[in-house]
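Start at 1 with the first residue, then count along the sequence.
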Amino acid sequence: TSVGDSPRGAHVTTGTRAAGIIVRRLDPSLVPDFVTFMRRDAFAEFPWWAGCACGFYETPGDEWDASANAFDEHVTAKVARIEAGRSQGYLAYMDDTVVGWCNAAPRDSYANLRRYAAAIDDTPDVGSIVCFVVAAPYRGRGVATALLDAACDGLRDQGMRLAEGYPTTKEPPTQPYQVPWTAHNYHGPLRMYLSSGFYVHRQMDGWVIVRKRLEPIEEPRHDAEDGM
């Protein structure tokens, strides 16, 4: 990955130039891009989840309406969290168009990891990667991998020592409606994590906890005699 160019500048994280993908860390200036992607593209082929606005793991309580009817309520709350610095993630762009999203943050910042709270232990400085959404026309082009790489870089920059994901290992449900594999697999494919240096930390019922050690990036040394 390499640093991407952007007219907005400061929020750029990393991008995969060979694939034409630039990933930007979400900040308030990118809220319009985030909202447009969630409203128009993220769940275009699976409208049953069209109202999520990626707030599922950030909202306390057991109830959650993911339908399109709840979009305005959920996106308003999500935007408020973004502007307050309480929600973060990464947007992938191709040709200045948002094509993908990843929700990743320090694990203890999530208000409600729901079933994945089973992953919580006393390991310090763990970053959670909880959600990927890639627009249908851009799947299979490395967007999710670019987002995963950027999320790991961003978590490392925040002082996290481990990145953690929760890929599913079971088939999609068929009731009360058929969930397509692309939606069911929103935590990211296990094979993608393994190809990106993650290892299986723990087997669960229908999912696994994967982890990757985030080693600090050492700055190159410039000794006094360099250049002499």
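Shortest non-hydrogen contact noted between Pro137 and Arg141 is O-NH1, 3.8 Å. The heavy-atom pair separating Arg114 from Gly61 by the smallest distance is NH1-O, 3.2 Å. Heavy-atom minimum distance, Cys152 versus Ile129: SG-CD1, 4.4 Å. In terms of heavy-atom proximity, Gln88 sits nearest to Pro106 at NE2-CD, 3.8 Å. Between Pro32 and Pro28, the shortest heavy-atom distance links the atoms CD-O, 4.3 Å. Shortest non-hydrogen contact noted between Glu164 and Phe198 is N-CE2, 4.3 Å.
Side-chain atoms of Thr169 come within 3.5 Å of backbone atoms of Gly206 as a donor-acceptor pair (strictly under, hydrogens ignored). Within the 3.5 Å criterion, the main-chain N or O of Ser29 finds a donor-acceptor partner in the side chain of Asp27.
Between Tyr193 and Phe132, the angle of the ring planes goes over 60°, which puts this pair in the perpendicular group of the 30/60° scheme. The aromatic rings of Phe46 and Trp48 are tilted relative to each other, their planes meeting at an angle between 30° and 60°.
Between Ile21 and Val143, some side-chain heavy-atom pair lies under the 4.5 Å cut-off. Taking 4.5 Å as the limit, some side-chain heavy atom of Thr123 sits within range of a side-chain heavy atom of Arg211. Residues Val210 and His201 fail the side-chain proximity criterion, which asks for heavy atoms closer than 4.5 Å. Between Leu26 and Leu91 the shortest side-chain heavy-atom distance falls below 4.5 Å. Arg156 is not listed as a side-chain neighbour of Arg161, based on a closest heavy-atom distance of 4.5 Å or more. Within the 4.5 Å cutoff, the side chain of Arg213 has heavy atoms near those of the Tyr199 side chain. Between Leu190 and Val208 the shortest side-chain heavy-atom distance falls below 4.5 Å. Between Val134 and Tyr138 there is a side-chain heavy-atom pair separated by less than 4.5 Å.
By the 6.0 Å and 45° rule, Arg24 stacks over the aromatic ring of Tyr93.
The cluster map of Ile, Leu, Val, Met, Phe, Trp and Tyr, joined by side-chain heavy atoms under 4.5 Å apart, puts Val126 and Leu113 in different clusters.
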Original post:
Could you go step by step and tell me if Trp64 and Cys52 meet the side-chain contact (heavy atoms from CB on, under 4.5 Å) rule?
Top reply: CA-CA 8 Å; Trp64 184 256; Cys52 182; 4.0 Å; yes
**OP:** Report the C-alpha separation of His74 and Met38 in whole Å, then their side-chain angles, then the decisive distance to 0.1 Å, and conclude whether the side-chain contact (heavy atoms from CB on, under 4.5 Å) test is met.
**Re:** CA-CA 11 Å; His74 289 164; Met38 286 291 157; over 6 Å; no
Subject >> Audit row: Lys78, Asp72, salt bridge (charged side-chain N to carboxylate O under 4.0 Å, His left out) steps and yes/no >> reply: CA-CA 10 Å; Lys78 177 77 170 184; Asp72 288 343; over 6 Å; no
Original post:
Would Glu58 and Asn103 satisfy side-chain hydrogen bond (donor to acceptor under 3.5 Å, both in side chains), going step by step from the backbone distance to the final call?
Top reply: CA-CA 10 Å; Glu58 300 174 4; Asn103 187 331; 3.2 Å; yes
Subject >> Verdict with supporting geometry, Phe37 and Val99, side-chain contact (heavy atoms from CB on, under 4.5 Å) >> reply: CA-CA 8 Å; Phe37 179 70; Val99 298; 5.6 Å; no
Subject >> Full working for side-chain hydrogen bond (donor to acceptor under 3.5 Å, both in side chains) between Asp65 and Ser67 >> reply: CA-CA 6 Å; Asp65 180 5; Ser67 74; 2.7 Å; yes
Subject >> Candidate pair Leu148 and Cys102, rule side-chain contact (heavy atoms from CB on, under 4.5 Å), full reasoning >> reply: CA-CA 7 Å; Leu148 179 60; Cys102 174; over 6 Å; no
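Residues satisfying the salt bridge (Lys or Arg N to Asp or Glu O under 4.0 Å) criterion with Glu45, sequence neighbours excluded, are Arg139.
Between Arg115 and Asp205 there is no salt bridge, since no side-chain N of the basic residue sits under 4.0 Å from a carboxylate O of the acidic one. One finds no salt bridge joining Asp153 and Arg25 here, because no Lys/Arg side-chain nitrogen approaches an Asp/Glu carboxylate oxygen to under 4.0 Å.
A side-chain contact (heavy atoms from CB on, under 4.5 Å) with Leu214 is found for one member of Leu162, Asp157, Leu155, Asp125 and no other, namely Leu155. Exactly one residue among Tyr110, Tyr166, Phe56 makes a ring-ring contact (aromatic ring centres under 6.0 Å, His included) with Tyr116. That residue is Tyr166.
Aromatic ring centroids of Trp101 and Tyr90 lie 6.0 Å or more apart.
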